[in-house]
Amino acid sequence: MKAAVALTVMTAPAVLAQSGATAEDWPHYGGTYHAWRYSALDQVKAANVARLSPVWAFQTGDYEGGLQATPIVAGGVMYVSTSRNNIYALDAATGREIWKYSYNLPKGFTIFYGSWNRGVAVGRGKVFMGTLDNSVVAVDQKTGRELWRVNVEDSQQCGCNITAAPLLVKDKVVVGVTGGDSAHRGYITAFNADTGRLAWRFWTIPGPGEPGHDSWSGDSWKSGGGSSWMTGSYDPELDLIYWSVGNPAADFYGGSRKGDNLYTDSVVALHADSGKLAWHHQQIPHDVWDFDTAYENILFDATVKGQTRKLLLNVNKGGVTFVVDRTNGRFVAGHTIVKHINWIAGLDENGKLVGRNEPPAGVKTFICPAIGGGRSWNQAAYSPVTKWYYTTAIEWCQDVLSAPEDPVEGRVYFGGSFEMRHPKGERAYSHLDAIDPVSGRKIWTYRSKYPLLASVLATAGNVVFSGDPEGWFFALDAGTGRKLWQFQTGSGHRGSAITYAVNGRQYVATPSGFGSAVFGLFAQLWPEAEHFRGGSMIWAFALPEGSR
Amino acid sequence: MRGLALLACWALAIPAQDGAEVFRATCAQGYCHGAAGTQGRAPRLIGRNYDPAFVVKVVSEGVPNTGMPGFRNSLDTARLNAVIAYVVRISGGDLSKLPAAAGGSAPSVPADVKRGRELFQDAVRGFQRCNTCHVMEGMGTPVGPNAAGSHDVESIRNGKPAAVRRAIVKPGDSFAALTVETKQDWVKLYDLSALPPVLRTLRKADLSFADGADWRHSKVVANYTDAELASIAAYLRWAASH
């Protein structure tokens with residue numbers, strides 16, 4: 001009986017058509033390099049998910065900032081990082097601790113953007129993690145013993161660090177950097193996975209003499225932000241790494257950085273071996289809203305006007321989804337995922353922004369969505385069976401006050417401030433939707449009182465999983481959005497649930513533990529949120545033995 | 001004492017509106033304390049009834065290991081006291097017990113020293129800058145020794161710590177290395193084969209050392225001109241006496 005799940009996985013035909021599904025393991029941050037957050041496992045399915053029961057739980061004890069990680073599972077072992085850069089290796093079937101690694105953070109330093117970590121990369125016998133003080137560390141996968149570490153840039157000087165999971169591609173470990181709201185010039189850096197030696201560096205803001213440099217006025221390129229704060233994707237066939245580059249700084253004031261500000265708010269495609277730019281697609285030229293093209297890049301193929309296309313889907317913080325051709329970056333389709341949106345009127349047929357609503361300096365301007373995002377960084381899921389993507393969205397607004405500001409290297413450089421506001425005519429709320437990626441047609445919607453800040457997981461069992469700020473971990477029917485099951489985990493969800501199998505039994509595991517910068521904004525709209533409990537725990541669920 | 005008391009009165013005399021303006025441009029920025037202290041990622045300040053002395057300490061010095069920086073060096077005394085008074089007021093604390101704080105920026109330095117400092121930590125150069133390997137004023141990675149001292153262009157170009165050796169790692173990887181720590185079974189060392197140096201932990205059984213490391217300080221500072229190194233030398237001489 002226990003082997004049944006593995007057999008099912010190997011024969012699911014819809015899944016074999018594309019390589020973006022996970023099976024027994026959850027090998028990468030986004031599931032696979034394609035970042036679908038979709039599993040071919042179907043032992044747990046819509047018909048039986050109501051019987052899902054907890055089988056183990058693990059307390060990390062490191063709860064500041066919550067638990068934002070995506071656990072990685074390889075060969076029956078789960079690797080999970082915590083907010084202050086501990087890594088645990090756990091028996092994925094029992095939760096037993098195999099080893100723990102603690103990164104020694106320097107004493108007494110200021111942690112920019114707060115304590116959190118969103119996961120590790122595993123491969124080549126090693127586990128890789130970025131750190132709060134902007135280093136990359138590699139530890140032995142079997143023992144947790146440190147093998148190498150390298151500092152990317154002094155975090156106190158740059159006002160930046162690493163909170164995203166690294167991306168391991170062939171013999172290189174690639175990391176982004178925060179710092180998009182600091183006076184800093186962003187980059188993406190690759191190190192040799194075995195030795196830690198520098199492999200390449202891509203500056204997200206071109207330097208003098210490079211194409212795109214003239215999209216920055218004066219010296220603004222030196223402090224123009226352009227962080228790379230989430231994890232990229234990789235297409236092995238095209239040998240391209242796709243990474244999102246965040247907002248320009250100062251966030252709300254653009255008068256001192258005239259121009260399009262390349263490659264901020266762009267998806268960049270980089271040759272994996274050299275880090276050289278293959279193409280870029282800028283979603284928001286000269287961003288003055290902090291609307292960050294920062295999130296995951298979902299790589300999928302679809303038929304558009306009768307032709308099968310290699311596509312890339314990216315949801316940005318402004319609540320707009322862009323679909324581009326991932327071979328060349330050309331715009332294919334776009335749509336908004338939120339109802340309350342007024343920073344643009346829309347997109348034209350070429351994906352250019354229409355009707356920009358820029359906050360003038362010194363005048364309070366009502367802007368939707370709010371800085372926390374029409375969606376936060378928690379990732380969407382894509383199902384090759386339904387061919388829909390599943391994303392959370394948030395309906396909330398803000399009053400922005402844009403103000404000129406002088407940059408000081410490494411210091412916060414927002415160029416203004418904001419106050420959270422409810423949308424006009426109704427209270428702020430959130431939803432999780434199934435959307436056709438090319439047409440933008442919304443299939444179903446699931447409504448939530450508080451902003452949904454956990455990633456979405458989709459499975460071949462026709463189930464979609466996510467969690468909410470009140471601690472509920474829930475399962476929806478992937479076809480209809482109907483709630484099938486929920487479980488109270490004790491603290492809100494800010495991480496990413498995964499699914500995997502050990503010895504033929506399918507497990508669904510989720511981090512539980514609320515925190516983060518965006519959560520910090522809740523109390524301005526929902527005073528009771530100040531009392532939401534924190535935590536840092538992994539819950540693992542499965543169907544009861546004998547009931548499958 | 002009398003000076004302090006006068007200063008306190010003077011600080012209180014600053015209109016609350018100025019404190020609000022400093023707060024808006026500093027504490028309310030981004031994801032921090034929220035507009036008027038309503039809460040962001042950083043704690044709510046309204047209604048906390050803070051002890052004024054506590055506010056002075058936290059605003060001046062920051063809170064280590066968190067996102068709260070100290071503002072003692074980045075706000076002048078008037079603005080620092082204005083924002084402290086504002087925070088005490090919105091928290092509902094007792095303004096009559098407010099001690100004065102001393103702000104102000106770092107002491108001014110000669111132009112060539114300032115230029116040398118900028119070059120030492122010049123972010124535009126990426127990893128090809130001095131503080132990739134040397135810590136000065138709390139910033140950088142402590143690979144090499146404290147660089148402050150009686151330097152000139154020549155001594156910077158040709159600096160060579162005696163401890164750099166050639167490490168040989170099976171099978172056949174050889175590189176310039178600086179040993180940091182040796183234990184019974186393993187050695188922690190900086191791999192200097194490229195910038196930035198990598199702190200590697202290698203099993204003793206896999207490692208041997210030889211003389212003749214292929215490493216020169218002149219190579220890692222090659223992208224600085226003599227004029228730039230002269231400014232850096234001025235900075236290092238200044239740092240030695242401050």
Side-chain angles (χ1 to χ4, degrees), chain A residues 64 84 105 107-115 135 145-154 156-158 181 184-185 187 191-192 195-198 201 203 207 222 251 290 371-372 399 401 403 405 408-414 416-420 516-524 530, chain B residues 21 23-36 38-44 62-70 74 118 121-124 126-127 129 131-133 135 137-143 169 173 175 185-186 188 190-191 193-203:
Chain A
E64 186 190 335
R84 292 186 78 90
L105 290 162
K107 288 201 166 53
F109 82 122
T110 301
I111 298 171
F112 291 89
Y113 308 111
S115 294
S135 293
R145 187 175 66 89
E146 184 175 309
L147 298 172
W148 58 259
R149 70 165 75 180
V150 61
N151 185 253
V152 181
E153 187 177 17
D154 186 283
Q156 305 300 282
Q157 180 180 344
C158 68
D181 308 322
H184 182 244
R185 178 188 178 208
Y187 41 70
F191 296 94
N192 180 291
T195 65
R197 290 174 191 153
L198 180 70
R201 153 74 54 93
W203 292 95
K222 291 182 182 174
D251 299 35
D290 186 11
I371 188 173
D399 281 331
L401 185 62
E405 188 178 344
V408 178
E409 185 183 11
R411 290 296 184 100
V412 170
Y413 186 40
F414 262 94
S417 54
F418 62 91
E419 294 173 64
M420 302 296 291
S516 83
V518 171
F519 166 49
L521 306 175
F522 276 30
Q524 294 186 31
E530 194 179 9
Chain B
E21 183 51 32
F23 188 91
R24 191 201 60 72
T26 314
C27 321
Q29 272 229 5
Y31 293 97
C32 296
H33 290 284
T38 46
Q39 181 179 349
R41 183 194 85 208
R44 168 174 59 85
V63 182
N65 303 311
T66 72
M68 177 66 191
S74 54
E118 287 166 2
Q121 59 190 41
D122 184 7
V124 169
F127 295 112
R129 58 174 128 158
N131 77 351
T132 296
C133 299
V135 177
E137 302 185 76
M139 290 187 296
T141 306
V143 181
V169 182
D173 186 11
F175 54 88
D185 298 327
W186 50 264
K188 195 167 267 200
Y190 277 107
D191 176 343
S193 56
L195 290 176
V198 183
L199 185 61
R200 296 172 67 175
T201 306
L202 296 161
R203 276 201 299 246

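These numbers were taken from a predicted model, which means no experiment stands behind them. So you know, we letter chains A, B, ... as the sequences are listed, proteins then strands, and number each from 1.
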Given heavy-atom pairs under 4.5 angstrom as the criterion, report whether the side chain, backbone, both or neither of [X] touches chain A.
{"X": "P197(B)", "result": "backbone"}
{"X": "T66(B)", "result": "backbone"}
{"X": "Y190(B)", "result": "neither"}

Pairs of heavy atoms under 4.5 Å with chain B: top-ranked of [options]:
{"options": "F522(A), W203(A), F519(A), Y187(A)", "value": "W203(A)"}
{"options": "D399(A), D290(A), V412(A), L105(A)", "value": "V412(A)"}
{"options": "E146(A), R149(A), E419(A), E64(A)", "value": "R149(A)"}
{"options": "D251(A), V150(A), I111(A)", "value": "I111(A)"}
{"options": "N151(A), L521(A), L147(A)", "value": "L147(A)"}
{"options": "R185(A), K107(A), R84(A)", "value": "R84(A)"}

> Residues two or more places apart in sequence or in another chain: which of them pass salt bridge (charged side-chain N to carboxylate O under 4.0 Å, His left out) with D191(B)?
Replying inline: R197(A), R200(B)

>> So for T195(A), is it side chain, backbone, both, or neither that comes closer than 4.5 Å to the heavy atoms of chain B?
In response: both

> So which part of A403(A) gets closer than 4.5 Å to some heavy atom of chain B, the side chain, the backbone, both or neither?
Replying inline: side chain

> Between L202(B), D173(B), V169(B), V143(B), which has the largest tally of heavy atom pairs under 4.5 Å with chain A?
Replying inline: D173(B)

Is the shortest heavy-atom distance from the side chain of [X] to the side chain of [Y] under 4.5 Å?
{"X": "D154(A)", "Y": "Q121(B)", "result": "no"}
{"X": "P196(B)", "Y": "F191(A)", "result": "yes"}
{"X": "S74(B)", "Y": "R411(A)", "result": "yes"}

Rounded distance (nearest 0.5 Å) linking atom [atom1] of [X] with atom [atom2] of [Y]:
{"X": "T26(B)", "Y": "E405(A)", "atom1": "OG1", "atom2": "CD", "answer": "8.5 Å"}
{"X": "S417(A)", "Y": "H33(B)", "atom1": "OG", "atom2": "NE2", "answer": "14.0 Å"}
{"X": "D181(A)", "Y": "Y31(B)", "atom1": "CG", "atom2": "OH", "answer": "6.5 Å"}

> Just wondering, are more than 12 heavy atoms of other shown residues or ligands nearer than 6.0 Å to CZ in R203(B)?
Replying inline: no

>> The criterion is side chain to side chain contact (heavy atoms under 4.5 Å, CB included); which residues satisfy it with R129(B), sequence neighbours excluded?
In response: E153(A), Q157(A), A123(B), R125(B), N131(B), T132(B), Y224(B)

